[in-house]
There are 2 protein chains.
Amino acid sequence: MALRHAVLAALLVGDGGDGGDSGGRGEYSGYQLAKAFDIGVANFWHALPQQLYAELAKLEQEGLVAGRQVIQETRPNKRLFRVTDAGLAELDAFAAASSKPSFIRDDLLVKVQAADSVDTGPVIEQLEERASVAEAKIQLFGKVLGKMRGELDEEEFLRRGERVGPYLTCLRGLALEQENREWSMRVAAVLRERRAAHVER
Amino acid sequence: MALRHAVLAALLVGDGGDGGDSGGRGEYSGYQLAKAFDIGVANFWHALPQQLYAELAKLEQEGLVAGRQVIQETRPNKRLFRVTDAGLAELDAFAAASSKPSFIRDDLLVKVQAADSVDTGPVIEQLEERASVAEAKIQLFGKVLGKMRGELDEEEFLRRGERVGPYLTCLRGLALEQENREWSMRVAAVLRERRAAHVER
DNA sequence: GGGATCATGTAACGCGTTACATGATTCT
DNA sequence: AGAATCATGTAACGCGTTACATGATCCC
């Protein structure tokens, strides 16, 4: 039961892109939240849109978020959610409680683990694909970080910027993707060379 | 339904520590497998012992692994499992199929994301704890890698070693934990400084 | 005209987590 | 004497995934 906290933390970050600062706490629709979970939040949590809609409904029932209807003419209507005081209190309690160890699940690593017993051809392709996806994310995160820190340099921003949480988690995501790219390329090269050596015999 | 593949890949690695090479494919008891999932395999998959016992039973029913009873006198009896040819075929098909993108879930990152809205005291403590756990893993992985490559240096081993899969995934784990340590220490320092600056006012 | 984007869900099923259950031996 | 290790599960519940459902605008 920790998706709720990921949702609360993501909601806090701020405006869903409509411009217009809503005063510290952000407002997101389910749809916008799902997008956030696809990009930045994906660095530390993964969830499908259906889950988010369901979770938002539950959080609203419990009073941890408040939704308001926004009628649109050219677009379907939507509901925007913001974190309530009770939601903040819940997050605070969560932050103080001990964390479960993080966990990872990665199909591609399972395949590499078994690389000595399976055909490595498709695995090499997937590693190269992974490297290029990582590269794209690196580019993206670079831009996102630049936008967040504005005109300050990183050190300055982290000392005096007013909202550093998302910046810090994004830094982690950046480092992760860089490692991802390096490792994928390295492993692809190793497996390619071993394939070549194998054919020679 | 991919835990099965993680289990198969983990079983392949080799002997469960009893000494005595069992000829290429390894043998593990559920208990030993659970330990492996706690250490090395935890780099790319996470599962609880109960899940492993259940999964082994299912895999056996489907003929992907074969179990044999080992009667012990001073210890409770145990069942050792090895991957069958059908199991290998299943793994091979898995390796060739496209991977789902990897995913992470990390409570601590959720807390850092919310760092601007919650009390950072406990979060800083948890970051420091995380850094020291990462340090311990770094030490451990260093030793494990050294053991696997024996007297060869890394480049040599990766070219000519006979089993490199587990080595490569362990390298990923090592890099991950190094990043983990660096990032945790950095973030703890940033949040500590901001706390201090906050108190001064 | 076709595909992407905006927008929100329902329903079924299965996997994963939490809690419980047992019991002998070895180490501190 | 108490804690840790070895060893294997069962049962209940809830979360997460897959598949399905709808429908209007915007862009190429």
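To find a chain, count down the sequence lines: A is the first, B the second, and so on, and within it residues start at 1.
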Does [X] have a side-chain nitrogen or oxygen under 4.0 Å from the phosphate oxygens OP1 or OP2 of [N]?
{"X": "K35(B)", "N": "dT5(D)", "answer": "no"}
{"X": "K58(B)", "N": "dC15(C)", "answer": "yes"}
{"X": "Y53(A)", "N": "dT8(C)", "answer": "yes"}
{"X": "Q51(A)", "N": "dT17(D)", "answer": "yes"}
{"X": "R105(B)", "N": "dG16(D)", "answer": "yes"}

Given the rule in the side-chain hydrogen bond (donor to acceptor under 3.5 Å, both in side chains) test, do E182(B) and Q178(B) qualify, once you have shown the distances and angles that lead to the verdict?
CA-CA 6 Å; E182(B) 295 311 312; Q178(B) 280 168 343; over 6 Å; no
Return the value, rounded to whole Å, for the distance between atom [atom1] of [X] and atom [atom2] of [N].
{"X": "K100(B)", "N": "dG16(D)", "atom1": "NZ", "atom2": "P", "value": "14 Å"}
{"X": "H46(A)", "N": "dC15(D)", "atom1": "NE2", "atom2": "C1'", "value": "12 Å"}
{"X": "I71(A)", "N": "dT25(D)", "atom1": "CD1", "atom2": "C1'", "value": "18 Å"}
{"X": "Q72(B)", "N": "dT8(D)", "atom1": "CD", "atom2": "C1'", "value": "13 Å"}
{"X": "L33(A)", "N": "dT8(C)", "atom1": "CG", "atom2": "C1'", "value": "13 Å"}
{"X": "N77(A)", "N": "dA7(C)", "atom1": "CG", "atom2": "P", "value": "10 Å"}
{"X": "Y31(B)", "N": "dT25(C)", "atom1": "OH", "atom2": "P", "value": "16 Å"}
{"X": "E73(A)", "N": "dG23(D)", "atom1": "CD", "atom2": "C1'", "value": "17 Å"}

Base, sugar-phosphate, or nothing: which does Q50(A) touch, judged by heavy atoms less than 4.0 Å apart?
base
So R4(B), base contact, sugar-phosphate only, or nothing? Heavy-atom distance under 4.0 Å.
nothing
DNA chain D: 5'-proximal contact among P76(B) and F103(B) (nearest heavy atom)
P76(B)
Under a 3.5 Å distance rule, please check whether D116(B) uses its side chain to pair with a backbone N or O of G165(A) as donor and acceptor.
yes
So, Q32(B) side chain and S29(B) main chain: donor-acceptor pair closer than 3.5 Å or not?
yes
More than 12 non-hydrogen atoms from neighbouring residues, nucleotides or ligands closer than 6.0 Å to CZ on R186(B), yes or no?
no
What's the closest nucleotide to the R75(A) side chain, out of dT8(D), dT5(C), dT17(C)?
dT5(C)
dA7(C), dT17(D), dT25(D): which one has an atom nearest the side-chain heavy atoms of T74(A)?
dT25(D)
Compare all side-chain heavy atoms of Y53(B) with those of L33(B) and state whether any distance is below 4.5 angstrom.
no
